[in-house]
Structures are given as structure tokens and as C-alpha cells.
K.L.:
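One structure, pasted below without further comment.
Counting convention: from 1, in listed order, for ligands and their atoms alike. Note that the coordinates shown come from a computational prediction; the quantities given were computed from them, not determined experimentally.
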Amino acid sequence: MTAITLRRVRIRLTGVVQGVGMRPFLSRLATELDLAGVVRNGPEGVTVEIEGTDTRVQRFVERLGREAPPLARLERMSMVDQAPTGAFGFRIEPTDRVGRALVAVPPDTAVCDDCVTELFDPDDRRYRHAFVSCTNCGPRFTIIDAAPYDRATTTMARFRMCAQCAQEYSDPSDRRFHAQPIACPDCGPRLRYVGGETAGGTDASIRAAQRALAAGSVVAVKGQGGYHLAVDARNDAAVQRLRDRKHRPDKPFAVMVRDLATAALLAELSEVEIDALQASSRPVVLVLSRPSASIAPSVSNGSPLTGILLPATPVHHLLFHDGGPDVLVMTSANAVGDPICHDDATVADRLRDIADAFLTHDLVIRFPCDDSVVRVVAGRVLPIRRSRGYAPLAVRLPTNVAPVLAMGGDMKGACCIAEARQASLSQHLGNLEHVAAADAASDVASALSYLHGVDPEVVAIDRHPDYVSSRLGRARAGSRRVTTVQHHHAHLAALLAEHEVEVDASVIGMVFDGTGYGDDGTVWGGEILVGGIRHVERWGHLRPVPLPGGTAAIVHPWRAARAHLRHAGVEHPDDFLDPEAATARDRAVLDRMLDRSVGCVVSSSMGRLFDAVASILGLRHSISYEAQAAIDLEHLAERAKDGPELRFTFAARGEFDAGPVVAAVARLHRMGVDRADLALAFHRAVAGVVVDAALRIRTETRIGVVGLTGGVFQNALLSELAERNLTDVGFEVLVHQLVPPNDGGLALGQAVVAGLPPRIGVR
Ligand code: ZN
Ligand code: ZN
Ligand code: FE
């Protein structure tokens, strides 16, 4: 008889490992393999000790890697042998609160299929329970008060578990073993409807909301992360009423559909789009809508793109069932630029003039999170906005950084905290020029610090002297070091960080966006950078054009068009402007500004060039939401059959000139060449200059990697053309997959640049 040797190992797991059912999973696995031991949540992740025969210990480790819960993201696993203790049984130890919390905070997750099945099973004790959730689903970040994530540190703490829930919570074989938001109809939060009638309890509240929606009312629905405004998407008058009340004349509304089959009626969906819709993060997916889609025309108002999402919470599922609608407009309940409404105390007041009724409940939302938005580009999911379902977004960095807080930009506020090799990017916060958004940014900057236990030594901000985010950062910094990071360098660094590119590696960065403060004090935005996280050089850029300054130039693409037409030497710019779009006086004033260079800023903005071309082609001379003209231009180009070949010319120093392209577009448009073909020709020309520049740089430097970033690369057509052309000539191309290419990703880049330790011997 051989003696059995026992082995005991301590395994530390880091990454997204808390609040995702890791401890219950480990407990089940250990019990199944007949291993003794203990598991605990600690400030640095999950620690598990197991003891048993060597084979079983090995099997445990193998299966841990393979079968970890679906929401877990294991970043690191370290194993140390311990002396066996001869213990029996496996237990979950109470949470260890000592030390620093570097652990990732879990994001919220849409209700899972198992829970939806229970929701509609009359024999289940959670039948029609509006707060059904389990270890695989439910709210997380939006209800967390402190780390580590545990029942007591969430806003669920005030709901005392009933005996049955407590039993499930402590039963290792139960799906709700240690599910922090566990609840049931006896002990969980309660739905309430407040409108013309007031109703309590699930059934009465849901039925009242369904009746109101059917009657065309605007109902504010409290979900995970905040309130949505819902109206029947098939009722044009109701949708129009919501537009009027929200002062949102054009921007398409997202719609929530009952199920995938309904989504398929609205848009032709690719496999990747279907997967994106069903993702547990449950984002809004921007898709090309079918012209025949039978929803109210005022939902997307002529935009070819429709944002669709599937139900995310049990309340949504209940609303769509038993006589409910099949498509609802679901838009964040807020004024444009403000963060989403989430606070019950103020919501009635803030939405007084917008919502007719409220479908609400008594679970407190600690952190507001808007819907996330993605778009499928070149067969991959491109993040446009990272919020509910992703935030806080854990990103593994290519290098160790000092504890740093990065404040991001203004237009799409999002901040980031980082230390060592981990960064955490906040949810979308709105436009920081709005007081409510700036307040949210301050709150979230603090929260990221305490939730992750990081006390920043450095505060990173954009170099723009007047950014609200920069001012907030300086104010927070106190005696800490403040580091400014150039806008386009931050964009490129964000892209490189998410791809874990080494900090001293050099790439070719095509950074195209609307506006970013340049090192020479002018507005940059058509930038070709060479370098990487540590250091970049501005190799080239779009030849600067004096643009009439201020927001007016952004809101009125005809102004950018006029500036570009003049720069290109095109005569009679009035030919390209609908007389309705601007008064004779407005034009004269603008021309005088351009003549005398008064009130103009010199700018290499690529975003404004897209606006200008859209206006020259007569698509849109004024806009009511960001990038509206550029989006129209992209979709016009999608309808093109073919187009002439247009080329930017290169001057010395890598400067490329849009003049010849603008002049050609204007001339051909005047001659009656198809507008769609010209729109396509313009996109091809921009993709062409990307390849031309990359080839020149490769000849000079032998660099073979190109990164595409900046808000302009949300343009799917441009991204696809550029990527294909670059790949054809042998470049490796990096595009965003974790953070948005727009300013929503800026903070990650700032954090990694500012957190870099200085190189030894270099100052
Ligand atoms: Zn579930
Ligand atoms: Zn209960
Ligand atoms: Fe930008």
C-alpha cells in the first residue's frame, strides 16, 4: 500500500474575479474534486487554498483555467505550495478588509437566460420578480459603495435577505451562492408606478406602465445605472412629443426591442452584430436600418443608422411581455450633455417637463451609467461609448505606472485611475462643460480612487488650458504632480495601451479627430504621429486652414466649407450654399472674418474637413448633434457605384493639403457628377493619404505598424478602406477594441503617458 501524499497550494487570482461568481465556482469545483480548503475575497483579488492529492490539485488548476465563470476575466494566477494541514471540507471565508484594493470592480450585467426563464415560470418562486438575478447577472458597479464587492458594501445591504434567500446564498450548490444582489418577492426591492394613477407591486406597476405607453405617454423607466425615457416606437406623435420635450430635434433615438426576432425586422443583422446585441454587457448596437422598418419615422429621422438594444433588466422583459409593446424608444433620461438621471430624490423634478409617468423602484443607484454604444466595423466590434456593462473598464497596461488619475477630455468625459499594470476607465460622464457632468466627473474620480484603493501621485490632464477637465484635475491635484499630455498623443497612447504595445516601441499613428489643443497653440486634428507611449513626434498633418473659430464653426458646417473653398481657391462659394442655410449678412460677416483673419483659428482638423465636404455637396449646412454632417457623408458614400480618383498632395515636412481634393469635389459637383460618387471619392482620398504617408514613413524609419485612432475613425467606411489598403501593402494595423477611438478613450492614454516612470539618466 502506497502512502497518499497530500499537497496544499495557495492560488491568487487577479483581474475581474469578484462579483462574478468566482468563490462559489471554486467552492463547487473543490467539493466535486474532494479537495479541502478555503477561499476568500481579498483586496488584491481572490485567494484560494486547496489541499488533496497531487492529481486532484492539478485537475483543479486545469479546470479553473478552463471553466471559470463567464463574467470572470483572469488576468493573473500565481501558485505557492504550502504545508498540508490535514483539514477537511471546503469553506468560504468572510471578506478580508485589510490592505489595498487593487482588484477590479465588476461591471453590471444584463439579466441572464436562466433568470429570464425563472421570471416567466409560474412555478418558480421568483415568477415575475422584477429583481431576479444570480451570480452570473445583475447590477454590480452601479450599486457598489465600497470595495471589496460584497453584499454589505452595495446598496442591496438595506434589504434583509429572507430565510429562503439566505439559504440559497449559503448553499454552494445553488446558482445564487454568494450572489450579492440576491433577492426575491419577499425580501427584495419593489416596483412602483407613479403617473396619472399610482400603483404598487410588480403586476399593477407593469400593467399601468404598459397602458401609459400604449396611450402614447412618455414613461421614465428606472433601470440599471439610471432612468430611460420610453415611448412607443411605433407611435410617431408620441416620439415627436418626446423630441420636443427633450429639445432633441434630429439625433436618432435608440430603440429597445422585445427580442432578437424583432431586431431582425428593423435591420439586417450580421453574425457579429447579433453577438454584440446579445452580449451580457447589453450595449446599444448601431446598425443600418431596413428602409421598410415599420417604426415611426421620427425615431431615426432620416439617419440610416439605428441604435438597437435588447432588454437588459427583468423590468424591461416584463414590460415587453403579456400585451406589452415590441419596440420602445429607450433614451437616457437627461438633458443633452448631462449625465443620466439616477437619483430618485431629484428625478421627478428634473424630468417634470419630459416624463408623464415613472416606473421606478427602491434600489438605490450609486453610480449613474448610460447605455454603452458599439458599432461593427470591418467585422469587429468598435466601442463608441463605454458605460453600463463595461464600466469600470479594467485594462491591463503594457508597463508599470505610478499611481495616477487621468481626467480625460471635455466633450465625452471619462476619467481613469491606474497603478502598476492595471488601469480602470470610468463610465461615460457627459459633456463636462455642463455643471452636472463636471460634478459627476469629480464624484467618479474620487470613487475610482477609493474603490481601487489607489492614492494618485500624479494627475494627468489635457494640455488645453481651458478644458474643464484640466481645471478639475488641477484643483484635485493639490500638492500632487500635474502632468499635461498632448491630446493626440493621448489618443495614440490609449490605442497602444489597450494593445499592450511596449512603451518604447514606435508606430505610425494616424490620429484624426475634430479638435485637440496642439503644442503650437493651434487646433490640431489631422495628425500623423511617429512614436509611441513614451514619446511622439508630429511627422505630418493636414495643412492648416484658417477656420472661423468657436462653436459656430462646429455647429455650422457651411462655415468650414467656406473656409476650405477659399483655401482651395474655389470661386463663387455661394454656389455651394443653400440660400436658406445662412443669411447674406452671415455670409458677409464670415467672409470679412476670413479676409482679415479675425476670430479665426488655424486648424488642421480632419473632422472639420469632413463637415466642409458634406456641406459643399449640399448634404447639411448646420447640425444639431455631433458629427451629423460627417455621418451623412459616410452614408451617402455607401450608396456610390464608383468615383473619380482624388488625391491629397504632400508638401515638405509631411504636410498634406486638402486644397486639390476640395477643389476637385467642388468642380465635379458643379458639373453634375453624382454626389454619392464624390462622397466615396473623398473617403478614398483620405484613406489614400493614410497609406501614402505610412509608406513614406516606412521608407524613412522601417516602422511597419500603423495605429488608427481619433473620433473620425468611428467612420466605418474610412476605417475599412484605410485598414484594407494598409494591410494590402504589408502593414500591421491597430484599431480600437477596448476603448473608444473618440475622446471617451483619452483618459487611458493620459494615464499611461503620465504614469510612466522617468527613464534613468533622462530628464
Ligand atoms: Zn442570472
Ligand atoms: Zn428573499
Ligand atoms: Fe480627440
Side-chain angles (χ1 to χ4, degrees), residues 19-21 24 69-71 108-119 124-126 129-140 151 156 159-170 174-177 179-190 224 280 282 311-314 317 408-414 462-464 467 469 485-495 509-518 523-527 529 554 603-608 626-627 708-714 736 739-750:
V20 292
L71 300 177
D108 289 35
T109 301
V111 59
C112 73
D113 291 347
D114 289 340
C115 286
V116 173
T117 305
E118 291 174 352
L119 182 65
D124 194 279
R125 76 184 196 90
R126 291 189 176 82
H129 173 48
F131 299 88
V132 59
S133 71
C134 69
T135 46
N136 299 321
C137 74
R140 299 286 189 273
R151 174 83 167 197
M156 279 297 292
F159 298 95
R160 251 193 64 185
M161 279 182 225
C162 67
Q164 238 180 316
C165 283
Q167 161 63 32
E168 292 169 350
Y169 184 83
S170 52
D174 196 280
R175 198 170 92 248
R176 297 193 169 84
F177 181 47
Q180 309 307 345
I182 188 174
C184 76
D186 294 334
C187 66
R190 280 167 204 281
Q224 274 174 12
S280 59
R282 209 46 54 93
T313 68
H317 283 279
D410 274 13
M411 283 282 286
K412 294 180 170 59
D462 192 273
R463 213 158 270 178
H464 198 303
Y467 263 9
S469 53
V485 182
Q486 198 278 325
H487 189 93
H488 302 92
H489 183 196
H491 272 303
L492 182 61
L495 177 66
M510 303 291 168
V511 192
F512 295 171
D513 65 1
T515 307
Y517 188 79
V523 175
W524 292 4
E527 308 309 305
L529 307 179
I554 299 172
S603 172
S604 57
S605 167
M606 185 61 85
R608 293 297 87 73
E626 197 199 356
L708 305 178
T709 182
V712 170
F713 284 103
Q714 279 164 235
H736 285 280
V739 304
N742 58 47
D743 286 5
L746 218 52
L748 174 66
Q750 293 172 346

K.L.:
From the options Cys134, Ser133, Cys165, Cys115, select the one residue that forms a side chain to side chain contact (heavy atoms under 4.5 Å, CB included) with Arg126.
P.N.:
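The passing option is Cys165.
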K.L.:
Check all N, O or S atoms of His491 and name the one closest to the Fe ion (ligand 3).
P.N.:
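Looking at His491, the N, O or S atom with the least distance to the Fe ion (ligand 3) is NE2.
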K.L.:
Please work out the angle at the Zn ion (ligand 2) defined by atom SG of Cys162 on one side and atom SG of Cys165 on the other, rounded to 10°.
P.N.:
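Seen from the Zn ion (ligand 2), SG and SG are separated by roughly 110°.
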K.L.:
What does the angle at the Zn ion (ligand 1) come to, between atom SG of Cys115 and atom SG of Cys137, rounded to 10°?
P.N.:
110°
K.L.:
Taking the side chain as every heavy atom from C-beta outward, state whether Pro70 and Ser280 have any pair of such atoms under 4.5 Å apart.
P.N.:
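No, side chains not in contact.
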K.L.:
Starting from the Fe ion (ligand 3), look over the N/O/S atoms of Asp743 and name the nearest one.
P.N.:
OD1
K.L.:
At the Zn ion (ligand 1), what is the angle formed between atom SG of Cys112 and atom SG of Cys134, rounded to the nearest 10°?
P.N.:
100°
K.L.:
Return the name of the atom in Asp513, of element N, O or S, nearest to the Fe ion (ligand 3).
P.N.:
OD2
K.L.:
Which class fits the ring pair His488 and His491: parallel under 30°, tilted 30 to 60°, perpendicular over 60°?
P.N.:
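Ring orientation of His488 relative to His491: tilted.
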K.L.:
Which of the N/O/S atoms in His487 sits closest to the Fe ion (ligand 3)?
P.N.:
NE2
K.L.:
Can any side-chain N or O of Gln750 pair as donor or acceptor with the backbone N or O of Gly408 at less than 3.5 Å?
P.N.:
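Yes; at least one donor-acceptor contact below 3.5 Å.
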K.L.:
If we count only N and O atoms by modelled type, under 3.5 Å, do the side chains of His487 and Asp513 hold a donor and an acceptor together?
P.N.:
yes
K.L.:
Please examine the side chains of Glu527 and Gln486, heavy atoms only from C-beta on, and report whether any two atoms are closer than 4.5 Å.
P.N.:
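No, side chains not in contact.
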